[in-house]
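Written out below as structure tokens is the structure these notes cover.
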Amino acid sequence: MQLIHTKNKLRTFVREARAQGKTIGFVPTMGYLHAGHGSLIQTARKQNDVVVVSVFVNPTQFGPNEDLSAYPRDAERDLALMRTHGADVAFFPNVEEIYPAGFTTYVEVQGPMTATLCGRSRPGHFRGVATVVTKLFHMAAPDRAYFGQKDAQQVAVIQQMTRDLDFDLQIVVCPTLREPDGLAMSSRNVYLSTAERAQAPTISKALFEAEAMIQKGERTVAAVSQHIQKKLQTMPGAAIDYISIVDARTLADLETLHSTVLIAVAVKLGRTRLIDNIRVDVS
Ligand code: AMP
């Protein structure tokens, strides 16, 4: 596995691979890798000749009072996990490499898709995501790029941006990996105290109960939403940011449940903001 820090070296590597007719799979991450990231790398490994994994804690997607400086980092462990899963390139750019002095151009997916869910509580977040992903797509020039369903709104935004800006690549969405007790794996889980960690599985339990309600025939958004709310309120000290039941593709609000819906929640447990979601096919 090659460790690359600059976009020029990455471009040279990618150009040479392409000249040999190789396909490129790309997995963008913010590091502190866990098995969820590992599953994306593994899927990319199966589907491509070359796998590039990036680690970049992107400052433009963090708000002024968010956890940019505290975000967990462990480059050595990340490199080991990448090697285990068969990555060919570990791309670790620094901030100046991505945002050199004088940088002033941003990519913004507009409309309700970025105004709802996390977009409402994290203004500017998806502008930062779309901008960095655009830049990384230009640098890695992949045939396929891998994203986790865990960040469902990010997936919708990247898919919209890929269509709108004619990126010549395929977005591959991978399922959410969970801890044995159901908690969605996240680099931020390390922030949780022992007591918070013990409560955290209530979030996925609420989602799975909602899914079961729909499978039993419930079609009213308000009823499902209220059930989730009651469940989440059983966690002492939890502050619900949102409970949203929306169209899975457009993220538009729904009054009744039909086609494929996304049930997404964000909850603050102490100082840690956790998100989770499930997609439910409503027949
Ligand atoms: P992050 O490092 O948190 O920005 O995540 C990098 C990529 O890994 C994103 O596409 C995430 O959606 C994905 N990812 C994060 N957690 C999980 C998980 N538990 N299961 C599957 N993919 C995940």
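For clarity, every value in this text was computed on a predicted model and none was experimentally measured. This chain uses plain numbering: 1 for the first residue, then up along the sequence.
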- Message: Tell me every residue that passes ring-ring contact (aromatic ring centres under 6.0 Å, His included) with Tyr191, counting only those two or more places apart in sequence or in another chain.
- Response: none

- List for me each residue that meets ring-ring contact (aromatic ring centres under 6.0 Å, His included) alongside Phe208, sequence neighbours excluded, and say none if there are none. none

Could you tell me if the side chain of [Y] sits less than 4.5 Å from the side chain of [X], heavy atoms only?
X      : Y      : answer
Val50  : Thr23  : no
Thr116 : Val246 : no
Ile240 : Gln233 : yes
Val133 : His138 : no
Phe147 : Val27  : no
Pro93  : Lys7   : no
Asp78  : Phe92  : yes
Val107 : Arg127 : no

Can you see which heavy atom on [X] is nearest to which on [Y], and at what distance?
X      : Y      : answer
Ala130 : Thr134 : O-OG1, 2.7 Å
Ala90  : Leu79  : CB-CD2, 3.6 Å
Ser204 : Arg178 : CB-NH1, 3.5 Å
Gly31  : Ser187 : O-OG, 3.3 Å
Pro28  : Ser54  : CA-OG, 3.2 Å
Tyr242 : Leu117 : CE2-C, 3.3 Å

Under the side chain to side chain donor-acceptor pair (under 3.5 Å) test, which residues partner [X], sequence neighbours left out?
X      : result
Glu16  : none
Lys231 : Glu209
Arg219 : none
Lys22  : Gln20

Should [X] and [Y] be counted in the same cluster of Ile, Leu, Val, Met, Phe, Trp and Tyr side chains packed under 4.5 Å apart?
X      : Y      : result
Leu254 : Met113 : no
Met82  : Met30  : no
Phe126 : Leu68  : no
Phe103 : Phe62  : no
Phe13  : Val55  : no

- Item | Full working for side-chain contact (heavy atoms from CB on, under 4.5 Å) between His5 and Lys9 | CA-CA 8 Å; His5 292 286; Lys9 286 208 174 117; over 6 Å; no

- Task: With ring-ring contact (aromatic ring centres under 6.0 Å, His included) as the test, would you mind laying out the steps for Tyr146 and His37 before giving the verdict?
- Result: CA-CA 10 Å; Tyr146 295 80; His37 300 107; over 10 Å; no

[X] side chain to [Y] backbone, donor-acceptor under 3.5 Å:
X      : Y      : value
Asp88  : Val51  : yes
Thr114 : Val109 : yes
Thr220 : Ala222 : no
His125 : Gln61  : yes

- Modelled atom types, side-chain donor and acceptor of Tyr71 and Asn58, under 3.5 Å: no

Inter- and intrachain pairs under salt bridge (Lys or Arg N to Asp or Glu O under 4.0 Å), touching [range], at least two apart:
range            : result
residues 183-205 : Asp67-Arg188, Asp181-Arg197
residues 239-266 : Asp241-Arg273
residues 142-167 : Arg18-Asp143
residues 109-122 : Glu66-Arg122

Return the [atom1] to [atom2] distance between [X] and [Y], rounded to the nearest 0.5 Å.
X      : Y      : atom1 : atom2 : result
Ser121 : Ile275 : OG    : CD1   : 9.5 Å
Asn48  : Thr43  : CG    : OG1   : 10.0 Å
Asn189 : Thr272 : CG    : OG1   : 8.5 Å
Thr84  : Gln42  : OG1   : CD    : 10.0 Å
Glu218 : Met213 : CD    : CE    : 4.5 Å
Asn94  : Tyr99  : CG    : OH    : 12.5 Å

- What do the steps show when you test Glu108 against Thr131 for side-chain contact (heavy atoms from CB on, under 4.5 Å), and what is the final call? CA-CA 7 Å; Glu108 192 165 355; Thr131 301; over 6 Å; no

- Message: Phe56 vs Val95, test: side-chain contact (heavy atoms from CB on, under 4.5 Å). Steps then yes/no.
- Response: CA-CA 8 Å; Phe56 181 61; Val95 174; 4.1 Å; yes

- Would you please test Phe137 and Phe26 for side-chain contact (heavy atoms from CB on, under 4.5 Å) and show each step? CA-CA 8 Å; Phe137 280 178; Phe26 176 49; 4.1 Å; yes

- Taking only residues two or more places apart in sequence or in another chain, which ones pass salt bridge (Lys or Arg N to Asp or Glu O under 4.0 Å) with Arg77? Asp74

- Is the CG atom of Asp168 crowded by more than 12 outside heavy atoms at less than 6.0 Å? no

- Query: In this structure, which one of Leu177, Ile278, Asn277 forms a side-chain contact (heavy atoms from CB on, under 4.5 Å) with Gln149?
  - Reply: Asn277

Can you give me every donor-acceptor pair (side chain of residues 256-270, partner residue at least two apart or in another chain, under 3.5 Å) with its distance?
unit_1 : atom_1 : unit_2 : atom_2 : d
Thr260 : OG1    : Asp281 : OD1    : 2.7

